[in-house]
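This one's a predicted model, so the numbers in the text were calculated from it and none came from an experiment. Numbers restart at 1 for each chain; the letters A, B, ... are given by sequence-line order, proteins then strands.
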2 protein chains.
Amino acid sequence: MKNHFIDRLRTSGLRPTKQRVEICKILFDRKETFHFTIDRLKKIIEKNTKSKISLATVYNTVHAFKNNGYVKEISLHGNKTFFDTNSENHHHLYDQETGDLLDIRNEDILLSKVPPLPKGKKIKKIEITISIENNSHNQKK
Amino acid sequence: MKNHFIDRLRTSGLRPTKQRVEICKILFDRKETFHFTIDRLKKIIEKNTKSKISLATVYNTVHAFKNNGYVKEISLHGNKTFFDTNSENHHHLYDQETGDLLDIRNEDILLSKVPPLPKGKKIKKIEITISIENNSHNQKK
DNA sequence: AATTAACTTATAATGATTCTAAAGTAGAAG
DNA sequence: CTTCTACTTTAGAATCATTATAAGTTAATT
Ligand SMILES: [Mn+2]
Ligand SMILES: [Mn+2]
Ligand SMILES: [Zn+2]
Ligand SMILES: [Zn+2]
C-alpha cells in the first residue's frame, strides 16, 4: 500500500509530493530489484503519468533515497550512474552487450579469502561484478 | 630501455612522437602498478617536461593503449575515469577517504563460488573492489 | 484562509569527455 | 638532403551527465 512509500519519504526527510510518490511507485512497487539510471527513471515516470517531471526533482529524490539507504549506487564502466533498489550488500552479473544487470544471490557466490588490510583499516564494502558475454566470443577454431 | 615504449606504441598503431613517448615514460617506466586519471597524468607530464601537452593527445593515447590492452579502465564511483597500467585481471583495495587504490595480489584473494550463468553466456571478466575505511568509523560505544 | 518553509521547475553552470579543423611533424621516397 | 603526405598535435568548440540557481508553487500548520 501507499503508506509504505510515504514512510520512506518521511524518514528521508521528504514531503510526499505527487512527483515523489510517482518516483516511489516506480522504484519500490515491485517484487524484484530494479536497476536504473536517472534518465531511464525519468522516462518511465513521464510515460506512466503522461506529464513531465523535472530532471532536478528526479536527481534530488534519488539522492535523498541514496543518502537514507533506500537505493544504492553501483560501480560500472560507462558514462551514466546506475542505481539499485536493492540496497543490501550484494553482487552483480553484468552483460555489457545487452546492458542487463542481474543480482547475484548471496548463496550463489563465495569470497573465501580476502587480502590483509592496511594497518588501522577495516572493510567497508565489497563489490563483485562478473561481466558476461556470449559463448560465441573468441571461440577456438 | 626506450625501445620498449616504441614497441607498445607501434603495436598500438601509433607513431612514437615526443608527446607519446612522455606518456609512456610515466605509465610504463616503473616497477609498480600505476593507477591514474587523465587529468593527473596530464599534470605529471607537464611537471616533468615543463611544457604543455594537449588534453586531446592524452585522451587519445590512453584510449589507444586501452584498446590494445596495455592499460585498463577500473570501475569506481566518482566523476572521473580511473585507468590502471596493470592490465591483467586483478582486484583492488580502495580507500575512498584517501583515494588510495591498491592492487590485490592473486594469491591474496579467492572467489570460490560463482553463480550459474544465463544460457549461452560465459564469464568475460570478474572485478572485485574491497572498499576500506578507518577502524574508528561507526565504532560501538 | 493565511503563513511559511519546503518543493518543483526551467534554465544556467560546471566538469569530464569527445569532436573539429587548422597547423605541425614523422617517415617514406627520391 | 628535400619533398611529399599521411598522421599528429593542438586550441577551442561541442556534447553529455550532473549540479546549482532562483522564481513561482504547494504542503502543512495555525
Ligand atoms: Mn568508461
Ligand atoms: Mn558516484
Ligand atoms: Zn543489484
Ligand atoms: Zn590495479
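Following rounding to the nearest Å, B/Ile45 (CD1) and D/dT9 (C1') show an atom-to-atom distance of 13 Å. Here the P atom of nucleotide C/dA16 and the NZ atom of B/Lys43 are 9 Å apart, to the nearest Å. As rounded to whole Å, 14 Å separates atom C1' of C/dT20 from atom CG of B/Leu55. In this structure, B/His63 atom NE2 and C/dT18 atom C1' are separated by 9 Å, rounded to whole Å. Between B/Leu9 atom CG and C/dG27 atom C1' there is a gap of 15 Å when expressed in whole angstrom units. A straight line from NZ of B/Lys18 to P of D/dT9 spans 9 Å, rounded to a whole angstrom. As rounded to whole Å, 9 Å separates atom P of D/dT10 from atom CD1 of B/Ile23. Distance CG (B/Asp39) to P (C/dT14): 17 Å, rounded to an integer number of Å.
The side chain of A/Arg15 sits closest to C/dA6 out of C/dG27, C/dA6, C/dT9. Distances from the side chain of A/Pro16 to the nucleotides D/dA28, D/dA17, C/dC7 place D/dA28 closest.
One side chain, A/Thr98 or A/Asp100, offers a donor N or O that lies under 3.5 Å from an acceptor on the other. Using a 3.5 Å distance cut-off with no hydrogens or angles, the side chains of A/Asp84 and A/His90 do pair a donor with an acceptor.
Regarding contacts with the backbone of C/dG27, a side-chain N or O of B/Arg10 is found under 4.0 angstrom from either OP1 or OP2. For the pair B/Gln19 and C/dT25, the criterion of a side-chain N or O lying under 4.0 Å from OP1 or OP2 is not met. Side-chain nitrogen and oxygen atoms of B/Thr81 include none within less than 4.0 Å of the OP1 or OP2 phosphate oxygen of C/dA16. A sub-4.0 Å separation between OP1 or OP2 of D/dT9 and a side-chain N or O of B/Thr17 is present. In this structure, B/Tyr59 reaches the C/dT17 phosphate: one of its side-chain N or O atoms is under 4.0 Å from OP1 or OP2. The side chain of B/Arg20 places an N or O atom within less than 4.0 Å of a non-bridging phosphate oxygen (OP1 or OP2) of D/dT8.
Taking a cutoff of 4.0 Å between a charged side-chain nitrogen and a carboxylate oxygen, A/Lys18 and A/Glu22 do not qualify as a salt bridge. Classification of B/Glu46 and B/Lys42 as a salt-bridged pair holds, one side-chain N sitting under 4.0 Å from a carboxylate O. Salt bridge B/Arg30/B/Glu32: absent, no basic N to carboxylate O contact under 4.0 Å.
Of the two residues near DNA chain C, B/Ala56 and B/Lys80, the one whose nearest nucleotide lies more 5' is B/Lys80. Between B/Phe83 and A/Asn60, it is A/Asn60 whose nearest contact on DNA chain C lies nearer the 5' terminus.
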